[in-house]
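Atoms within each ligand, like the ligands themselves, are counted from 1 in listed order. All values below were derived from every heavy atom in this structure, side-chain atoms included, with hydrogens, water molecules and symmetry-related copies excluded. Treat the numbers as computed from the prediction; the structure is a model and nothing was measured. Along the sequence shown, the residues carry numbers beginning at 1.
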Amino acid sequence: MKKPKLREIKEALVSLISRPYTTRFPLEPHIPARGFRGQPQFDPEQCVGCGACANVCPSKAIDVQDVVQDGRGLRRLTHYASRCIFCGQCEANCIVEPKGIRLTDRFHLAYFEEKESTHSVQQELVVCERCGAVIGTVRHLLWTARKLGQLAFSHPVLIEFLQQSLEMKIEVRSALKDKPVNRIDIFRIICPRCRHEALLSDEKIPT
Ligand code: SF4
Ligand code: SF4
(Lines give C-alpha, C1' and ligand atoms only; values in the text may rest on other atoms or scores of the structure.)
(Ligands and ions follow the chains in the order given, each with its own letter.)
Protein backbone atom coordinates (compact mmCIF):
# COMPACT_ATOMS: atom_id res chain seq x y z
CA MET A 1 0.00 0.00 0.00
CA LYS A 2 1.20 3.44 -0.91
CA LYS A 3 1.82 5.69 2.12
CA PRO A 4 0.00 9.09 2.06
CA LYS A 5 2.20 12.10 1.44
CA LEU A 6 2.59 14.69 4.17
CA ARG A 7 0.74 17.27 2.03
CA GLU A 8 -2.31 15.03 1.72
CA ILE A 9 -2.38 14.37 5.49
CA LYS A 10 -2.24 18.12 6.12
CA GLU A 11 -5.08 18.77 3.67
CA ALA A 12 -7.22 16.09 5.31
CA LEU A 13 -6.66 17.57 8.77
CA VAL A 14 -7.38 21.14 7.62
CA SER A 15 -10.60 20.07 5.88
CA LEU A 16 -11.80 18.45 9.11
CA ILE A 17 -11.83 21.75 10.94
CA SER A 18 -12.66 24.21 8.08
CA ARG A 19 -16.11 25.16 6.68
CA PRO A 20 -17.22 23.43 3.46
CA TYR A 21 -16.98 25.40 0.20
CA THR A 22 -20.49 24.33 -0.78
CA THR A 23 -23.67 25.75 0.82
CA ARG A 24 -25.56 23.79 3.47
CA PHE A 25 -28.79 23.73 1.38
CA PRO A 26 -31.28 22.17 2.06
CA LEU A 27 -30.29 22.28 5.79
CA GLU A 28 -30.09 26.06 5.46
CA PRO A 29 -32.06 28.24 3.01
CA HIS A 30 -30.10 29.17 -0.10
CA ILE A 31 -30.06 32.81 -1.21
CA PRO A 32 -29.39 32.99 -4.97
CA ALA A 33 -26.76 35.43 -6.22
CA ARG A 34 -27.78 38.77 -7.72
CA GLY A 35 -28.89 38.35 -11.34
CA PHE A 36 -29.71 34.68 -10.85
CA ARG A 37 -32.11 33.45 -13.56
CA GLY A 38 -34.80 31.35 -11.94
CA GLN A 39 -38.34 30.39 -12.85
CA PRO A 40 -40.09 33.05 -15.00
CA GLN A 41 -43.36 34.35 -13.61
CA PHE A 42 -46.16 36.25 -15.37
CA ASP A 43 -47.44 39.47 -13.85
CA PRO A 44 -51.20 39.45 -14.61
CA GLU A 45 -51.41 43.19 -13.88
CA GLN A 46 -48.83 44.09 -16.54
CA CYS A 47 -49.14 41.37 -19.20
CA VAL A 48 -51.28 42.39 -22.20
CA GLY A 49 -51.34 38.92 -23.76
CA CYS A 50 -49.52 39.81 -27.00
CA GLY A 51 -47.67 36.47 -27.17
CA ALA A 52 -44.25 38.02 -27.99
CA CYS A 53 -42.62 36.08 -25.15
CA ALA A 54 -43.89 32.79 -26.61
CA ASN A 55 -42.60 33.74 -30.06
CA VAL A 56 -39.05 34.39 -28.87
CA CYS A 57 -38.83 31.46 -26.44
CA PRO A 58 -36.19 29.11 -27.91
CA SER A 59 -37.42 26.03 -26.04
CA LYS A 60 -41.17 26.56 -26.60
CA ALA A 61 -41.72 26.75 -22.87
CA ILE A 62 -44.61 29.23 -23.24
CA ASP A 63 -47.80 27.95 -24.75
CA VAL A 64 -50.46 30.29 -26.20
CA GLN A 65 -53.99 28.94 -26.45
CA ASP A 66 -56.93 30.86 -27.88
CA VAL A 67 -60.38 29.53 -27.08
CA VAL A 68 -63.33 31.10 -28.92
CA GLN A 69 -66.87 30.13 -28.05
CA ASP A 70 -70.16 31.88 -28.83
CA GLY A 71 -68.43 35.01 -30.07
CA ARG A 72 -66.33 35.37 -26.91
CA GLY A 73 -62.71 34.42 -26.59
CA LEU A 74 -59.99 33.92 -24.02
CA ARG A 75 -56.24 33.68 -24.51
CA ARG A 76 -54.31 31.61 -22.01
CA LEU A 77 -50.52 31.82 -21.79
CA THR A 78 -48.94 28.96 -19.87
CA HIS A 79 -45.32 28.68 -18.78
CA TYR A 80 -43.86 25.17 -18.48
CA ALA A 81 -40.88 25.16 -16.11
CA SER A 82 -39.90 21.66 -17.25
CA ARG A 83 -39.10 22.97 -20.76
CA CYS A 84 -37.56 26.29 -19.69
CA ILE A 85 -33.81 26.85 -20.10
CA PHE A 86 -33.94 30.13 -18.10
CA CYS A 87 -32.36 32.17 -20.90
CA GLY A 88 -34.34 35.32 -20.06
CA GLN A 89 -35.41 36.06 -23.64
CA CYS A 90 -39.09 36.26 -22.63
CA GLU A 91 -38.41 39.05 -20.13
CA ALA A 92 -35.97 40.85 -22.43
CA ASN A 93 -38.48 40.90 -25.31
CA CYS A 94 -41.67 41.57 -23.35
CA ILE A 95 -43.28 44.63 -24.95
CA VAL A 96 -44.62 46.27 -21.79
CA GLU A 97 -42.85 48.16 -19.05
CA PRO A 98 -42.87 47.13 -16.19
CA LYS A 99 -42.44 43.66 -17.68
CA GLY A 100 -45.34 41.22 -17.99
CA ILE A 101 -43.01 38.28 -17.32
CA ARG A 102 -39.97 38.30 -15.08
CA LEU A 103 -37.35 35.78 -14.08
CA THR A 104 -37.58 35.19 -10.35
CA ASP A 105 -35.00 33.68 -8.00
CA ARG A 106 -37.00 30.46 -7.66
CA PHE A 107 -34.68 27.53 -8.34
CA HIS A 108 -36.25 24.71 -6.38
CA LEU A 109 -38.36 23.21 -9.16
CA ALA A 110 -38.71 19.55 -8.25
CA TYR A 111 -42.32 18.39 -8.61
CA PHE A 112 -44.13 15.08 -8.90
CA GLU A 113 -46.35 16.26 -11.77
CA GLU A 114 -45.69 18.73 -14.56
CA LYS A 115 -48.84 20.72 -13.88
CA GLU A 116 -47.46 21.65 -10.44
CA SER A 117 -44.62 23.55 -12.12
CA THR A 118 -46.76 25.42 -14.66
CA HIS A 119 -48.56 28.70 -14.25
CA SER A 120 -50.84 30.72 -16.54
CA VAL A 121 -52.24 34.14 -17.23
CA GLN A 122 -55.51 34.84 -19.08
CA GLN A 123 -56.62 37.71 -21.28
CA GLU A 124 -59.92 38.52 -22.94
CA LEU A 125 -59.85 38.25 -26.75
CA VAL A 126 -61.39 40.38 -29.46
CA VAL A 127 -62.84 38.20 -32.21
CA CYS A 128 -64.40 38.95 -35.59
CA GLU A 129 -68.17 38.91 -35.07
CA ARG A 130 -68.63 37.30 -38.46
CA CYS A 131 -66.02 34.54 -38.82
CA GLY A 132 -64.72 34.28 -35.24
CA ALA A 133 -61.09 34.99 -36.22
CA VAL A 134 -58.93 36.24 -33.37
CA ILE A 135 -57.97 39.90 -33.79
CA GLY A 136 -56.01 40.31 -30.54
CA THR A 137 -56.51 40.72 -26.82
CA VAL A 138 -58.43 43.67 -25.46
CA ARG A 139 -55.45 44.86 -23.43
CA HIS A 140 -53.02 44.49 -26.33
CA LEU A 141 -55.24 46.60 -28.59
CA LEU A 142 -55.59 49.27 -25.93
CA TRP A 143 -51.82 49.22 -25.35
CA THR A 144 -51.24 49.59 -29.13
CA ALA A 145 -53.72 52.47 -29.34
CA ARG A 146 -52.02 54.31 -26.48
CA LYS A 147 -48.61 53.71 -28.06
CA LEU A 148 -49.74 55.06 -31.44
CA GLY A 149 -51.37 58.18 -29.99
CA GLN A 150 -53.26 60.11 -32.67
CA LEU A 151 -52.21 57.61 -35.36
CA ALA A 152 -54.54 55.08 -33.74
CA PHE A 153 -57.47 56.97 -35.27
CA SER A 154 -56.44 55.63 -38.69
CA HIS A 155 -57.45 52.09 -37.74
CA PRO A 156 -61.11 51.07 -37.36
CA VAL A 157 -60.59 48.50 -34.61
CA LEU A 158 -58.44 50.89 -32.60
CA ILE A 159 -60.95 53.72 -33.06
CA GLU A 160 -63.60 51.55 -31.46
CA PHE A 161 -61.36 50.78 -28.55
CA LEU A 162 -60.40 54.37 -28.02
CA GLN A 163 -64.07 55.35 -28.00
CA GLN A 164 -64.80 52.66 -25.43
CA SER A 165 -61.96 53.78 -23.20
CA LEU A 166 -63.47 57.30 -23.28
CA GLU A 167 -66.84 55.73 -22.42
CA MET A 168 -68.21 56.82 -25.79
CA LYS A 169 -70.32 54.53 -27.91
CA ILE A 170 -69.63 53.80 -31.56
CA GLU A 171 -72.01 51.95 -33.80
CA VAL A 172 -70.48 49.29 -36.05
CA ARG A 173 -72.84 47.76 -38.60
CA SER A 174 -72.23 45.17 -41.26
CA ALA A 175 -71.83 46.79 -44.70
CA LEU A 176 -73.32 43.65 -46.19
CA LYS A 177 -76.65 44.25 -44.47
CA ASP A 178 -76.77 48.02 -44.35
CA LYS A 179 -76.30 50.23 -47.34
CA PRO A 180 -73.39 52.62 -46.80
CA VAL A 181 -74.19 56.28 -46.56
CA ASN A 182 -70.81 57.55 -47.62
CA ARG A 183 -67.78 55.84 -49.10
CA ILE A 184 -65.51 57.45 -46.55
CA ASP A 185 -67.54 55.83 -43.78
CA ILE A 186 -66.60 52.35 -44.90
CA PHE A 187 -63.63 50.61 -43.40
CA ARG A 188 -63.02 47.82 -45.84
CA ILE A 189 -60.67 45.65 -43.83
CA ILE A 190 -61.58 44.96 -40.25
CA CYS A 191 -60.97 41.21 -40.01
CA PRO A 192 -57.72 39.85 -41.45
CA ARG A 193 -59.35 36.51 -42.26
CA CYS A 194 -62.75 37.14 -43.80
CA ARG A 195 -62.10 40.77 -44.92
CA HIS A 196 -65.38 41.68 -43.24
CA GLU A 197 -66.51 45.12 -44.30
CA ALA A 198 -67.94 47.31 -41.60
CA LEU A 199 -69.65 50.64 -41.59
CA LEU A 200 -68.80 52.98 -38.77
CA SER A 201 -71.54 55.48 -38.21
CA ASP A 202 -71.16 58.73 -36.31
CA GLU A 203 -69.98 58.36 -32.79
CA LYS A 204 -72.57 58.79 -30.07
CA ILE A 205 -72.12 59.80 -26.49
CA PRO A 206 -74.55 57.84 -24.30
CA THR A 207 -77.14 59.99 -22.60
S1 SF4 B 1 -36.49 31.96 -19.83
FE2 SF4 B 1 -36.04 31.42 -21.99
S3 SF4 B 1 -36.69 29.29 -22.15
FE4 SF4 B 1 -37.62 30.06 -20.28
S5 SF4 B 1 -39.65 30.78 -20.90
FE6 SF4 B 1 -38.27 32.54 -21.03
S7 SF4 B 1 -37.59 32.57 -23.17
FE8 SF4 B 1 -38.44 30.52 -22.78
S1 SF4 C 1 -47.07 41.40 -22.44
FE2 SF4 C 1 -45.07 40.43 -22.10
S3 SF4 C 1 -45.56 38.65 -20.82
FE4 SF4 C 1 -47.48 39.32 -21.69
S5 SF4 C 1 -47.74 38.11 -23.56
FE6 SF4 C 1 -46.72 40.04 -24.18
S7 SF4 C 1 -44.53 39.58 -24.09
FE8 SF4 C 1 -45.59 37.94 -22.95
Side-chain angles (χ1 to χ4, degrees), residues 23 25 29-69 71-128 132-166 190-193:
T23 65
F25 178 82
H30 172 66
I31 299 165
R34 206 160 158 255
F36 175 80
R37 297 198 299 227
Q39 185 181 22
Q41 189 86 35
F42 286 111
D43 182 343
E45 298 299 315
Q46 302 302 333
C47 173
V48 295
C50 66
C53 50
N55 284 338
V56 297
C57 176
S59 61
K60 307 276 177 249
I62 299 173
D63 191 36
V64 182
Q65 252 193 335
D66 291 342
V67 180
V68 179
Q69 208 173 19
R72 295 177 65 84
L74 268 186
R75 171 168 292 173
R76 180 193 287 260
L77 293 114
T78 307
H79 178 264
Y80 292 87
S82 56
R83 302 182 207 159
C84 183
I85 56 170
F86 311 103
C87 63
Q89 286 301 306
C90 50
E91 180 180 328
N93 290 283
C94 176
I95 62 166
V96 295
E97 201 61 62
K99 299 290 183 184
I101 188 165
R102 279 183 180 279
L103 269 68
T104 63
D105 57 7
R106 285 192 65 201
F107 61 91
H108 197 200
L109 301 172
Y111 299 101
F112 286 108
E113 291 191 40
E114 189 183 42
K115 64 179 181 205
E116 292 175 50
S117 66
T118 63
H119 75 281
S120 308
V121 70
Q122 280 193 168
Q123 296 293 343
E124 189 187 343
L125 280 174
V126 179
V127 294
C128 173
V134 172
I135 293 170
T137 67
V138 174
R139 291 187 68 186
H140 189 200
L141 288 168
L142 281 170
W143 177 87
T144 309
R146 274 196 293 271
K147 199 88 177 158
L148 286 172
Q150 289 184 347
L151 287 177
F153 288 96
S154 62
H155 194 283
V157 176
L158 294 181
I159 291 175
E160 193 185 351
F161 271 82
L162 287 171
Q163 303 288 11
Q164 282 175 2
S165 66
L166 293 170
I190 207 163
C191 168
R193 188 163 83 182

- prompt: Among protein heavy atoms, which sits nearest to atom 8 (Fe) of ligand 1, and what does the distance come to when rounded to 0.1 Å?
  reply: Cys57 SG, 2.3 Å

task: Mark up the atoms of ligand 1 that fall under 4.0 Å of a heavy atom belonging to Gln89, in ascending order.
output: 7 (S)

field: Contact check, side chains of Cys84 and His79, non-hydrogen atoms, under 4.5 Å
entry: yes

message: Does either side chain, that of Arg76 or that of Gln122, offer a donor lying less than 3.5 Å from an acceptor on the other one?
response: yes

- prompt: By number and element, which atoms of ligand 1 are closer than 4.0 Å to a non-hydrogen atom of Ile85?
  reply: 3 (S), 4 (Fe)

- request: Using side-chain contact (heavy atoms from CB on, under 4.5 Å) as the criterion, point out the one residue from Leu109, Asp105, Leu103 that pairs with Gln39.
  value: Leu109

task: Please state whether the separation between atom 2 (Fe) of ligand 1 and some N/O/S atom of Cys90 is under 2.8 Å?
output: no

- prompt: Under 4.5 Å between any side-chain heavy atoms of Ile95 and His140, yes or no?
  reply: yes

task: Using a strict cut-off of 4.0 Å, indicate which atoms of ligand 1 neighbour a heavy atom of Phe86.
output: 1 (S), 4 (Fe)

- request: Please list, in chain and residue-number order, the protein N/O/S atoms closer than 2.8 Å to atom 6 (Fe) of ligand 2.
  value: Cys50 SG

Within 6.0 Å of NE2 in His30, more than 12 heavy atoms from elsewhere: yes

- prompt: Looking at Ser59, which atoms of ligand 1 are within less than 4.0 Å of one of its heavy atoms?
  reply: 3 (S)

query: Going by the atom numbers of ligand 1, which of them fall below 4.0 Å from some non-hydrogen atom of His79?
result: 5 (S)

- prompt: So which protein heavy atom does atom 4 (Fe) of ligand 1 come closest to, and at what separation?
  reply: Cys84 SG, 2.3 Å

field: Glu114 vs Ser82, side chain to side chain donor-acceptor pair (under 3.5 Å): CA-CA, chis, key distance, verdict
entry: CA-CA 7 Å; Glu114 189 183 42; Ser82 56; 2.6 Å; yes

Nearest non-hydrogen protein atom, atom 2 (Fe) of ligand 1: Cys87 SG, 2.3 Å

message: Tell me whether the count of non-hydrogen atoms from other residues, nucleotides or ligands lying under 6.0 Å of CD in Gln69 goes above 12.
response: no

field: Result of checking Val121, Thr118, Val64, Ile62 against Thr78 for side-chain contact (heavy atoms from CB on, under 4.5 Å)
entry: Thr118

query: Is the shortest heavy-atom distance from the side chain of Trp143 to the side chain of Cys50 under 4.5 Å?
result: no

query: When rounded to the nearest 0.5 angstrom, what distance separates NZ in Lys147 from CG in Leu142?
result: 14.5 Å

